[in-house]
Structures are given as C-alpha cells and as structure tokens.
Amino acid sequence: DAGVTQSPTHLIKTRGQQVTLRCSPKSGHDTVSWYQQALGQGPQFIFQYYEEEERQRGNFPDRFSGHQFPNYSSELNVNALLLGDSALYLCASSLRLAGGDEQFFGPGTRLTVL
Amino acid sequence: AQSVTQPDIHITVSEGASLELRCNYSYGATPYLFWYVQSPGQGLQLLLKYFSGDTLVQGIKGFEAEFKRSQSSFNLRKPSVHWSDAAEYFCAVGAGYNNNDMRFGAGTRLTVKP
C-alpha cells in the first residue's frame, strides 16, 4: 500500500516565477492538507481540500492556491515566488469520515527560491 | 485559535537514559493531540495520538505520552533512548471536525550521545 507521495522531490525557482507541487494521497484517503515548513520551524497549515473544494485555509496569501482532482490527488500552486517561500512543502492525507483521525504525511518537496 | 509550545529547542541525552519532551497546548475545547517525529530530509511520522479516554497513550518505538488537562500538557516520554531516536520531534494540536487546522509546535531536536 503506497503512502502519500509527492513530486518533485526538489525544485529550484527564481523570484517572480510560479511553481506547482503535486501530491497523491494514501490509498483510501479523500482529504488532502498542505503545510509549509520553513527551516528550523514546525509545519504551518496552508489549506485543506475535500471533495475538490478548499475547506479550510491558514494564514497564507492568495498567491498560494490549490486544486483537488476527482482521484483525490492535489496540487499546490504558488505564484509570484518570493525568497521567503523557500521551504519544505508537506502534503498530508486523511479520511474525512474518520473525523479527527491522524494525517499521514508525505516526504515533502524542497523548494528553493533564488 | 489553538496553539502549541515546545519549550525545549534542543535536548541531549545519553543512550539508554530516559527522555521527556515537553509540550503545552492552548485550546478551548477538548483537543486532539499528536506527537510526530521527523528525521533529516524526511516527512513526519506519527508516534502517538490522543483523542479521548485513557490519558496515558502508548505509541510506536516505545514512546508514550500523558495528557494532563489541568496543566494543558502532553509530554512525550521514553524510558530508554536509542541512538536511532535522534531526530526532530513535533507536538501538534488539531481542531475542527477533521483536524482541518492542525497547529504544530516549533519542534525539539533530540541528540543522543553514545
């Protein structure tokens, strides 16, 4: 059973560019959450998707947007990249009907903005 | 909004010694509490979780944690640390029906001396 997978593993972009990160949830999961983890910090919640809709959003600007597909996979898009967007981006999946059940995390995508 | 404080940024223990990592949370209702471990360059792995019931919860790798409502704490313990336990440890509090806004502490880095 494959866990949460993310692609790419690493990415280097320059300021002002746009980036798309991808996530496939654990088999059987229908909810995907995205987190940003800056160096030396804990993960910060960006947003959560369920039934192809954004259900909850953290304190991130509109430059951060996402999408969920019918197969439950998800994309995170970041426009007009800033140096401060350099971080590890983590995707986590869960099963909504499980209520407050745990989230399973992927290995992350390391984004470097130059 | 909920929040988590991990007072210790870095802890060093000798292999075979006991370990306690501190976590204090702030949340108005009954919290969902989690401990995750992150090895360098990796995603997060769930060690244990508390939703309700017995306040002493057992996790993987010999870890346990005790929920103390009166102290708003959820400290992680292990009776005998192994060199492979060296990693970053994150405490998190979930909120909402599906933990759709999970807040993480800043983490505690554990170093294990031989």
Side-chain angles (χ1 to χ4, degrees), chain A residues 2-7 9-10 21 23-26 29-51 53-60 66 68 87-110, chain B residues 1-10 21-25 27 29-53 57 59-60 65 67 76 87-109:
Chain A
V4 179
T5 59
Q6 292 185 244
S7 63
T9 306
H10 295 88
L21 311 181
C23 171
S24 291
K26 180 179 168 64
H29 285 183
D30 56 9
T31 301
V32 173
S33 302
W34 286 93
Y35 295 82
Q36 180 194 67
Q37 186 179 17
L39 200 61
Q41 302 294 317
Q44 287 197 319
F45 174 72
I46 303 175
F47 42 55
Q48 184 181 79
Y49 275 83
Y50 170 68
E51 288 188 333
E53 289 188 17
E54 182 182 296
R55 299 292 177 166
Q56 186 79 12
R57 189 178 184 92
N59 188 25
F60 279 81
Q68 186 180 34
L88 180 67
Y89 288 84
L90 296 166
C91 168
S93 72
S94 56
L95 180 62
R96 191 165 188 85
L97 285 180
D101 208 350
E102 65 184 272
Q103 297 184 8
F104 289 78
F105 283 81
T109 293
R110 172 74 62 187
Chain B
Q2 70 277 26
S3 65
V4 173
T5 301
Q6 293 181 248
D8 305 305
I9 297 173
H10 184 205
L21 302 182
R22 296 184 291 165
C23 171
N24 293 100
Y25 70 90
Y27 185 57
T30 299
Y32 294 128
L33 294 163
F34 306 83
W35 274 100
Y36 284 88
V37 61
Q38 185 178 38
S39 298
Q42 302 296 314
L44 301 173
Q45 181 184 22
L46 181 72
L47 289 175
L48 46 79
K49 59 188 177 184
Y50 172 79
F51 291 162
S52 64
V57 292
I60 62 171
F67 171 61
L76 181 71
E88 190 88 20
Y89 290 80
F90 293 96
C91 181
V93 58
Y97 173 71
N98 199 45
N99 288 318
N100 55 11
D101 184 6
M102 201 152 70
R103 302 293 177 95
F104 285 81
T108 297
R109 183 161 61 93

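Values below: every heavy atom of this structure, side chains too, minus hydrogens, waters and symmetry copies. Chain naming here is simple, since letters A, B, ... match the order of the sequence lines and numbering starts at 1 in each.
- With sequence neighbours left out, B:Ser3 forms a side chain to side chain contact (heavy atoms under 4.5 Å, CB included) with B:Ser26.
- With a 4.5 angstrom heavy-atom cutoff, B:Leu46 touches chain A only via side-chain atoms.
- Of the atoms belonging to A:Ile46, not a single heavy atom falls under 4.5 Å from chain B.
- Applying the side-chain hydrogen bond (donor to acceptor under 3.5 Å, both in side chains) criterion to B:Glu88, with sequence neighbours excluded, gives no partner residue.
- Taking every heavy atom of both residues into account, A:Tyr35 and B:Met102 meet most closely at OH-CB, 3.4 Å.
- Of all the heavy atoms in A:Gln37 and B:Phe90, the pair that sits closest is NE2-CZ, 3.3 Å.
- Neither the backbone nor the side chain of B:Gln45 comes within less than 4.5 Å of any heavy atom of chain A.
- Annotation: the span from A:Gln103 atom CD to B:Tyr32 atom OH amounts to 12.5 Å, rounded to 0.5 Å.
- Taking all atoms of both residues into account, the shortest heavy-atom contact from A:Leu90 to B:Gly43 is CD2-CA, 4.2 Å.
- Within 6.0 Å of the CD1 atom in B:Ile9, the count of heavy atoms belonging to other residues, nucleotides or ligands does not exceed 12.
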